[in-house]
Every structure is written in structure tokens, then in C-alpha cells.
Amino acid sequence: MGTSSFRNLNLLSLIVILGSACSSVQKLDEPSKLIQEPYYKPIGEAANVFIYRESETDFRVRKSGHEIPVVAFSPIEYPKSVDNKLASYFEQEIGLIWKDIKYANARISKDAWKNKETLTDELKKKEADIIVFGTISESNSGWSFKFEIKDSVDDSKFGDFELSFKKPVSTEEVGNWTQAIFWKASDRIISLETKQTTVPVWDRKPDLSRIKEIVNSSVKGLLNVRASSSDTEILWKGKSLGSAPLLDIPVSEGIQEIQLVLKGKKPITKTIQVRAGKKNYLFHEWEEDKTLGAAKVISVPNGLSVSIDGYKQGETPFYRSNLTPGAYQLELLKENADGAYVYYEGVLDVKPDKVAELALPYTGQDLLSESEFWKPSGEIGFSAIGPKGLEFAKKKNLPNGWNGAYSLPFIPEEMDLEGYFLLPVDHKEGSVAVTFHFQGLSLGIEAGKEKVSIFQFPSDGKTLGTYKYKDVDKDVGRPFSFKADPKTKKLSLYLGQDKVWEGNLPVGGLWTISVLTRGEEFREKAPLKDLKILYKGYK
């Protein structure tokens, strides 16, 4: 064999080795198994029951919340130039601000802040609602403090405030710290010594009302209620909150009952589980004139302008009832100072006694928490949506078949849909099927504790292959992705970095994604770790 041939053989071997090393999954030599096509179906109000869910990872998901926030104060790391006496003075002055705010002090030891796991255990034990993180910076003129008020579980920020002290530079600015030392005798107290020490003076004090607002918001969630009739009145604890649409109204965390009232209709009561610091959505479609239709248009994130037949009608999320059936020209635009960028232009087909639904998750990050993007599907006694988004729960054993959630129909574009199955240690028992539904084709993955199988329908019901993930990032999970390219008219399915299926992309129609579990192999709580849609070209 010549030198050139030997070199080529080595290169080929290297390519094979590298290809094998980069593989994310291993195809198992197992016979195909039969699988029932994952299906979803709309369910009525009676079937979509409320089920309380506890959370293994979020102790702030509660049946009832705190009326007075429980606050944990992190230690402040002072620069070396600030001695213990000066640090004590700062903390005493700052402490006076908090005296006028109603809260309970969690009192976490300093050592606990040095270890993340220990701190998490302490915060859970004390049922802390928020952590106040303080930092200090020093300049020639004085000291500035910044305080961030964050959720004790997920590190989301409720707000922040700043304050500062200045070094005295003239006799008018001198502050005095008086220290008196006494000696107590049996019949009297004798003053031994009095000292006066020059101390910093306030330069900028924070807005106390703003701090109170931030702290109080830590035990409340935001309620958003929309209804097909704008005359719908919303009541909470017997008090009227106003008429629909109701946006970002603070309500106490925990289980809450919301009543919807419309003249001439039987009042409706809906139960929700409010997680402090999060948004909660309710929508109710009243039974009205069956000869008319309705429309529901959402985007992720919210805030796109909705134009129908050339006239601006509002912003997403958009709801409109009593529409005359027919085809409407729909535009979704992002407006700014330079004009408007059209994200979508198409036809909205409104039919009698139906809701025309459309979604555009143009930067669809963390879709599992976008409750308005999902609709529950399943049997009575099952609930798909909780305070943190998709969380499966049941009140009783469910019959064989699929339960879960499916998305609103979303706009077909060049895009990637990415997600993560839980790691085997977290997945435990049960199975989860993620299915991409196109016109005339359903393509998906069913994941168990150790293995995943891919399938497509229509078919004979047999899986196309079964795989096992190799080494995965324990902080991420088991990744999968669907890649749709209308330009090449190709659809691909990946497990990790491995393309395990490719075929022709169906033409026409809207697309839907479903996340389902089977009654006979029920997967409780969060079905996935993450899910996102990435539209190419949208920012």
C-alpha cells in the first residue's frame, strides 16, 4: 500500500472515530414496538378541574401564602477601609429604614451564605419569601449602597433601591456619634466618660414607599383575566376588581377563587393557584350568539400590534367575540419610533360558534411557562397547567390514553423547536410524548426513564427506532429538536446532535405541538425541563 493510500486510510479512520465520539445517542438493537398515536382534544370547563400541586423544587408554591413577607438579609462584604465600627454604624442607619416596613426577619446565619445547598435548606426551613442582597462601593466623596430584592427560590428580581452616605468636608456637614460609658453602683449610676465621634452623613435616602411596594409584591402574584364579553365583571373575595380585560392586578399567593359575572348568565367561579411574583391568566368564553364567531391571537412575548382588515384592533394577547364569520386580513406588527415591522401577514378564518386561534411564538423562550400558549387535553380528574406552567397532576387513576396539553396553532416558518427530556434520575417513572403535528403528518418522540423512541403517523403504529442517550450534561437534560425549513421543504428530527429522521415538510396549514403522558404510564409534575421555538430572522 502506498504512502498516499495509507494517509487516506488514517484520515478515514480519524473521521470515523471523531464521528463516533460526537454522537449523542446510541440506537438500540430492539424490535419496533406498537404505539398508539398521541392525540389531543379540547375539553370543557367541567373536565379541566383544579388540582393543587406541591413542588419538590419550589417551596413558594403554597396552598396559602404569607400576609407579611419573610425576608432574609444577605451579609454585606465591606471593603478593608471600612472597619467594624463604621460598618456597624452603616447597618444601624440602614436598619432604621426597615423599621417602618412590615416584614418578618428570617435570620439566616452568616455561615449558611457560604454554601448554596445549606442556604437553600435554611431559606426553605424559614419559609423565606425574598432575599435582600446588599453591595457597597466607595469613592473619594463617600459610600454608595445598592440593594436588590430577589425571589428566594428562582432568583428573579422584585426590585432594587440605592442609598449613599458622604464623608463630611465642612463643619456644617459633620455628624456626631455620641458614646457614653456608665458605671452602675448599688444605689446609683455614675457617668464615667462621654465621647463624640465624627461619622458619615446621609447623602441620598431611598424612597420608603417604593421599598414597601417592592417588599409587599413578594407575596402577591399578578392576575390577568379576559373574557369574550367586555361586560364581564371579575370578583375576588367578594370584591369587584373591575371589568374584563383585567391586566396585572396583584392578588395574594396561594389558592384563590375568581368569580366572573355577566348579566343574564350564570356566574362562573374558577380556582387558580397563584405563585407570588408570577403572572396568572384566565380566559372565559361565554356562550353567545352561535351564528357569530370569535378570535384569539397571542404572541410570545406579548405586545405585538394586531391589525384586522387594515385597522389596528389592539395588542397581543388579543381576544374578540361577536365577529361575523368570514376571512379577515390579519397583520401582526412590532411598532417602534422608526415605524412598524410586519411579523406576520395572512388570513384569519372566522367560523360561526367557533374561536379562530393563532399563535406566533417569535421569540418563544421557556414556552412551558406560557400558560396562554397551551390548552389542556385529557380526562376528568386530570389537570395539565399549574402555577409554573405545564405540570401534570391527577386526582384518580386515569384510563388508558393520552392526557396533557397542546399548543395553539402557530404560524409555519423556518424555525427550530428545541426541548429537553428530564434526566433518568429526575424522570423516574412514566412516559412523555412530544409530537409535532403538521397537515397530514405527526412526528414525535416518546421518552421513558432510560430510552426514547421516535414515531410518525400515519403508519402501521410501529416506532421507527429506539435510542439511549450517551453522556449528557447533568445540568441540562436529554436534548431533542425539530428543524423545519420551508425553503428546502425538509423536516428533521434530532436527538442531541444526531439527526435520527428526515423527510419532506408538509405544505399548508398551521402547526401544533403537543406534550402528553399516558394514563397507564402517567408522568407526574413537569413533563419537560425546557421548550423553546426559534424563528429564523425574528429578533
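- Taking a cutoff of 4.0 Å between a charged side-chain nitrogen and a carboxylate oxygen, E379 and K41 qualify as a salt bridge.
- Salt bridge K490/D485: absent, no basic N to carboxylate O contact under 4.0 Å.
- Of the possible donor and acceptor atoms, none in the side chain of Y469 sits under 3.5 Å from a partner among the backbone N and O of L423.
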Open item on the list: The test is side-chain contact (heavy atoms from CB on, under 4.5 Å); show your working for I149 and K157 and say whether it passes.
Closed with: CA-CA 6 Å; I149 300 177; K157 192 165 84 170; 5.9 Å; no
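- In terms of the side-chain hydrogen bond (donor to acceptor under 3.5 Å, both in side chains) criterion, residue partners of K278 (sequence neighbours excluded) are, by chain and number, D154.
- Using a 4.0 Å cut-off between a side-chain N of Lys or Arg and a carboxylate O of Asp or Glu, D498 and K470 do not qualify as a salt bridge.
- A salt bridge is defined here as a Lys NZ or Arg NE, NH1 or NH2 lying under 4.0 Å from an Asp or Glu carboxylate O, and D129 with R62 meets this definition.
- Using modelled atom types, one side-chain atom of R478 and one backbone atom of L422 make a donor-acceptor pair closer than 3.5 Å.
- Residues E257 and K270 are not paired through a salt bridge, judged by the lack of any N-O separation under 4.0 Å between the basic side chain and the carboxylate.
- Within the 4.5 Å cutoff, the side chain of M415 has no heavy atoms near those of the K536 side chain.
- In K351, the NZ atom is not crowded: 12 or fewer heavy atoms of neighbouring residues, nucleotides or ligands sit closer than 6.0 Å.
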Check your understanding: For T232 and W286, what are the C-alpha separation, side-chain angles and deciding distance, and is it a side-chain contact (heavy atoms from CB on, under 4.5 Å)?
Key -> CA-CA 9 Å; T232 302; W286 295 102; 2.8 Å; yes
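- Across all non-hydrogen atoms, the minimal contact from A244 to A227 is CB-N, 3.9 Å.
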- Message: Run the salt bridge (charged side-chain N to carboxylate O under 4.0 Å, His left out) test on R275 and D58 for me, step by step, so that the C-alpha distance in whole Å, both residues' side-chain angles and the decisive distance to 0.1 Å come before the verdict.
- Response: CA-CA 10 Å; R275 203 287 195 184; D58 189 350; 3.0 Å; yes
| message | Between W511 and F436, is the side-chain contact (heavy atoms from CB on, under 4.5 Å) condition met? List the steps. | response | CA-CA 7 Å; W511 300 343; F436 213 154; 3.8 Å; yes
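- Other residues, nucleotides and ligands place no more than 12 heavy atoms under 6.0 Å from the NZ atom of K354.
- Here F421 and F480 bring their ring centres to under 6.0 angstrom of each other.
- We find the CG-CD1 distance between L330 and I411 to be 7.5 Å, quoted to the nearest 0.5 Å.
- The existence of a salt bridge linking D151 and R60 is confirmed by a sub-4.0 Å separation between a basic side-chain nitrogen and an acidic carboxylate oxygen.
- Both tests do not hold together for K296 against F318: distance to the six-membered ring centre under 6.0 Å, angle to the ring axis within 45°.
- Side chains of T118 and D121: no donor on one and acceptor on the other come within 3.5 Å.
- For the atom pair I385 CD1 and F392 CZ, the distance stands at 9.0 Å (nearest 0.5 Å).
- In this structure, the side chain of S514 does not engage the main chain of L516 through any donor-acceptor pair within 3.5 Å.
- A donor-acceptor pair is defined here as one N or O able to donate and one able to accept, closer than 3.5 Å; such a pair exists between the side chain of N224 and the backbone of D248.
- Judged by distance alone, the side chains of T316 and S299 do bring a donor and an acceptor atom under 3.5 Å apart.
- Proximity of the aromatic rings of H437 and Y406 is defined here by a centroid distance below 6.0 angstrom, and this criterion is not met.
- Contact check on K124 versus E127 returns no salt bridge, with no Lys/Arg side-chain nitrogen under 4.0 Å from an Asp/Glu carboxylate oxygen.
- Residue L323 comes nearest to A295 through the heavy atom pair CD1-CB, 3.8 Å, listed as atom of the first residue, atom of the second, then distance.
- A donor-acceptor pair under 3.5 Å is formed between the side chain of Q256 and the backbone N or O of S252.
- A cation-pi arrangement is found for K394 relative to F522, the charged atom lying closer than 6.0 Å to the ring centre and inside a 45° cone about the ring normal.
- Taking a 6.0 Å sphere around NZ of K468, one finds it holds 12 or fewer heavy atoms contributed by other residues, nucleotides or ligands.
- Side-chain contact between W501 and L464: present, with at least one pair of heavy atoms (C-beta onward) separated by less than 4.5 Å.
- One distance of note links CG of L531 with CD of Q365; it measures 10.5 Å at 0.5 Å rounding.
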Derivation of the side-chain contact (heavy atoms from CB on, under 4.5 Å) call for L304 and L360
CA-CA 10 Å; L304 291 184; L360 178 59; 3.9 Å; yes
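- Y319 has its ring centre less than 6.0 Å from the ring centre of F283.
- Two residues are said to be in side-chain contact when any heavy atoms from C-beta on lie closer than 4.5 Å; L358 and L408 fail this criterion.
- Using a cut-off of 4.0 Å between Lys/Arg side-chain N and Asp/Glu carboxylate O, E446 and K33 are scored as salt-bridged.
- Put simply, the side chain of E418 never gets that close to the backbone of P479: no donor and acceptor are under 3.5 Å apart.
- Annotation: cation-pi geometry satisfied between K150 and F133 (NZ/CZ under 6.0 angstrom from ring centroid, within 45° of ring axis).
- One N or O on the side chain of R523 and one on the backbone of H427 form a donor-acceptor pair closer than 3.5 Å.
- Summarising the geometry of P38 relative to F457, their closest heavy-atom pair is CD-CE1, 4.1 Å, with the distance given to 0.1 Å.
- For the pair K375 (side chain) and A405 (backbone), a donor-acceptor distance under 3.5 Å is absent.
- Remark: K125 NZ is loosely packed, at most 12 non-hydrogen atoms of other residues, nucleotides or ligands lying under 6.0 Å away.
- The two atoms that bring E520 and G401 nearest to each other are OE1-N, 3.2 Å, heavy atoms only.
- A heavy-atom distance below 4.5 Å is not found between the side chains of V219 and I130.
- Among all heavy-atom pairs drawn from D460 and L34, the shortest one is O-CD2, 3.9 Å.
- The pair K451-E30 meets the salt-bridge criterion, with a side-chain N (NZ, NE, NH1 or NH2) lying under 4.0 Å from an Asp/Glu carboxylate O.
- A salt bridge does not link K525 to E391: none of the charged nitrogens lies less than 4.0 Å from a carboxylate oxygen.
- No side-chain heavy atom of T512 sits less than 4.5 Å from a side-chain heavy atom of F438.
- Here the shortest heavy-atom pairing between V350 and A294 reads CG1-N, 4.0 Å.
- Separation of atoms CD (E524) and CD (E429) is listed at 11.0 Å; rounding is to 0.5 Å.
- Partner of Y362 under the ring-ring contact (aromatic ring centres under 6.0 Å, His included) criterion, out of Y343, F410, Y344, Y535: Y343 alone.
- For the pair K462 and F455, the NZ or CZ position fails the cation-pi test of under 6.0 Å to the six-membered ring centre and within 45 degrees of the ring normal.
- No side-chain donor-acceptor contact under 3.5 Å links S243 to the backbone of E233.
- Taken to the nearest 0.5 Å, the OG atom of S453 stands 7.0 Å off from the CD1 atom of I35.
- Between the side chain of T517 and the backbone N or O of E521, at least one donor-acceptor pair lies under 3.5 Å.
- When side chains are defined from C-beta on, V70 does not count as touching Y103, because their heavy atoms never get closer than 4.5 Å.
- Distance check, rounded to the nearest 0.5 Å: CG of L223 to CD1 of I234 gives 8.0 Å.
- At least one side-chain heavy atom of S407 sits under 4.5 Å from a side-chain heavy atom of W374.
- With contacts defined as side-chain heavy-atom distances shorter than 4.5 Å, the pair S442/Q456 does not qualify.
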